[in-house]
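The structure appears right after this line, and notes come after that.
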2 protein chains.
Amino acid sequence: MGEEKKNATIYDVAAAVGVSLATVSRVVNASQNVRPATRDKVLAAISDLGYRPNAVARGLASKKTTTVGVVMPDMTNLFYSELTRGIDDVANMYQYDVLLTNTDDDPKRALTAVRNLADKQIDGLLFMGSQLSDEVLRAIQATGVPVVLAGSVDQGRVLPSVNIDYRAAFCEVTADFLKAGNERIALILGSTDRAIDQDYRRAGYVQALEDAKQPVDEGLIFAGARSYQDGKDLAEAIDQTGASAVVAYDDEVALGILNGLQDMGKRVPEDVSIVSANNTTFTMVARPEISSIDQPKYDIGAVAMRLLTKLMDKEKLDEAQVLLPYTMVKRQSTK
Amino acid sequence: MGEEKKNATIYDVAAAVGVSLATVSRVVNASQNVRPATRDKVLAAISDLGYRPNAVARGLASKKTTTVGVVMPDMTNLFYSELTRGIDDVANMYQYDVLLTNTDDDPKRALTAVRNLADKQIDGLLFMGSQLSDEVLRAIQATGVPVVLAGSVDQGRVLPSVNIDYRAAFCEVTADFLKAGNERIALILGSTDRAIDQDYRRAGYVQALEDAKQPVDEGLIFAGARSYQDGKDLAEAIDQTGASAVVAYDDEVALGILNGLQDMGKRVPEDVSIVSANNTTFTMVARPEISSIDQPKYDIGAVAMRLLTKLMDKEKLDEAQVLLPYTMVKRQSTK
DNA sequence: TTGAAAGCGCTAACAA
DNA sequence: TTGTTAGCGCTTTCAA
């Protein structure tokens, strides 16, 4: 019974070969200063004993854990899970493991998460969320580890980040709608108080209107819809505004609006045009398919993680605020 | 400049209060054997110095990292991300952190992931995937840490797992189709070689046919579709079989088939009925909405994690193979 | 090229 | 109730 095969330690390997710990450590860490013959013997013993270095002990001794913390709102949201997929793949490429925490975009939970990750001595932090509260920002800085924001803006521009130019993108879709003759364009945001909604998405929308000398009608701006059902529930109110075009910040919400509108007997795009912003699978499965801003989600995550690896290696960043290109994908929900 | 505020250690706290490390450690670990007055002084110093225990050092000394490994195929798949959401929430509840690894359902990557997580001295492992290869199974057992499978079957029934009764569920939907008068029912699987597809889903389908004294037509069984696009591409072939009903193992695939069929001019459910199996958001956004087996995804993850916490606490499990109830959600894609 | 020895920051006997 | 003392398994000077 009791299969108590204790894991071999570096001592066991050293003893088996008849060298010191230091030598085994050098072999394990691929240091140059080991005679090939010695190295081979050590390698053989490692393989014999099935020795695997204990990462916790390593972390304590070297003060590097090869682990990064990832703080995200919700992994069941396709936008964030695709970002995180990019993060994870690059992390793996550079031999980092990922400690993942969902925050539901709640600053309180983000705060706990950051502190908790810091306790685990992460080497770096990837932060996602529609908002970076001052408190969270301070907690992040207190950890002393490098941080990169992915798909999230930092109003103060003090942290490195990877995004698309949300302002320009929202300005562009709005301007396109204006050019197509739409006079009343509804804007759907996630919140009334978060920078990414107000200072970027809304700002872009407003700018397009101003550029076209059009008034901004607050009645056309909706905030707070987060889910497909929220979108469906919003369809009626949007219809009431007489809007002939809708710009939505989220695909599931956009799809809810689309289906809600159609269930009411409206035709898309004949009566109302819709553009969404994340270009996830939801835009393609809709009928009609939904036109969308295409953010390179996977790449945003991947680039952010790559920046983080540089920071963890004490490299300087050429540019700390990276804006990746976005494109417009024209589908059937716009004329 | 150089803000070199080194983190306070347990020594600093002990020195500040004038007690030994052991006492501080006792306070931090909520041991009973500390005089209240001492405890208060220690707590005050901890708060003063902003002391936070170093989890890595703790892990090394105590041999518990309060970290669990989670191995999953793909976090951008709603089925798995919802399972993982349940896992994560319960893990947090019990103060565990989650080290997450995507494997793309590739046994080779799963093997690397398991070993790597073991190196990090995880306290337990949550495994998801359509397949558990012998090699991976051995690697898992070699780690010596408790394991629970979530939404994944272990043919050998040696590992604890949480699932629904896939066989019964697929039998039931097939039988329902039979009862509704369908004579040719197509079955869409993920693979031709994985237990969950062959020994459970397919077995349930076959059983329903046998119960009804109907022949099994291999031409009606399709395997290998993984994505929405795969489903769309499959629509034509399914139509060729003359099937009047389709049972699909995955929602995105089902939606692809649905849209593909409709694009070909077929009417759902008038010409073809469709039932899917995961009841993710994709089933509800479809037009017509897709009927589905409803697996309690979040709960499968949550229960699996709860079992794991018990195992990590050396508790015995009442039942190691948990089957959670499933239900049938009738929507518009079936008559 | 190799080894000795001092930690990394903490927990956990064992004593007192 | 508190302190002393070994470690946990490794990395990393510093010497040799």
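Below, chain A is the first sequence line, B the second, and so on; all start at residue 1.
Checked by atom type and distance alone, the side chain of S62(B) pairs as donor or acceptor with a backbone atom of R58(B) at under 3.5 Å. Checking side-chain atoms of S152(A) against main-chain N and O of A150(A) turns up a donor-acceptor pair under 3.5 Å. Of the possible donor and acceptor atoms, one in the side chain of D106(B) sits under 3.5 Å from a partner among the backbone N and O of K108(B).
The listed nucleotides are dT2(D), dC8(D), dC10(D); the one nearest the side chain of R35(B) is dT2(D). In this structure, of dG9(D), dC8(C), dT2(C), it is dT2(C) that holds the atom nearest to the side chain of T38(A).
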Show the distances under 3.5 angstrom between N or O atoms of the protein and N or O atoms of nucleotides 11-14 of chain D.
residue	atom	partner	partner atom	Å
dT11(D)	OP1	N29(A)	OD1	3.4
dT11(D)	OP1	N29(A)	ND2	3.1
dT11(D)	OP1	R58(A)	NE	2.8
dT11(D)	OP2	S25(A)	OG	2.7

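Atoms NZ (K64(A)) and P (dC10(D)) sit 18 Å apart, rounded to a whole Å. With rounding to whole Å, K63(A) atom NZ is found 8 Å from dG9(C) atom C1'. Computed from coordinates, the N54(B) CG to dC10(C) P distance equals 6 Å when rounded to whole Å. Residue D12(A) contributes atom CG, which lies 11 Å from atom P of dC8(D) at whole-angstrom precision. Separating the CG atom of L60(B) from the C1' atom of dA6(D) is a distance of 13 Å, rounded to the nearest angstrom. The interatomic distance linking D40(A) (CG) with dT1(C) (C1') rounds to 15 Å, in whole Å. At whole-Å resolution of the value, CG in L49(A) and C1' in dG9(D) are 15 Å apart. Between the C1' atom of dA16(C) and the CG atom of N33(B) lies a distance of 15 Å, rounded to the nearest Å.
When the shell of 6.0 Å around CD of Q321(A) is examined, it contains more than 12 heavy atoms from other residues, nucleotides or ligands. Q141(B) CD: more than 12 foreign heavy atoms inside a 6.0 Å radius.
Among the candidates D88(B), T84(B), N92(B), the single residue satisfying the side-chain hydrogen bond (donor to acceptor under 3.5 Å, both in side chains) test with N102(A) is D88(B).
Residue pairs that meet the side-chain hydrogen bond (donor to acceptor under 3.5 Å, both in side chains) test with at least one member in residues 64-76 of chain B, sequence neighbours left out, are R85(A)-D74(B), K120(A)-T66(B), K120(A)-T67(B), T65(B)-D123(B), D74(B)-T76(B).
At dG3(C), one or more side-chain N or O atoms of T23(A) fall inside 4.0 Å of OP1 or OP2 (strictly under the cut-off).
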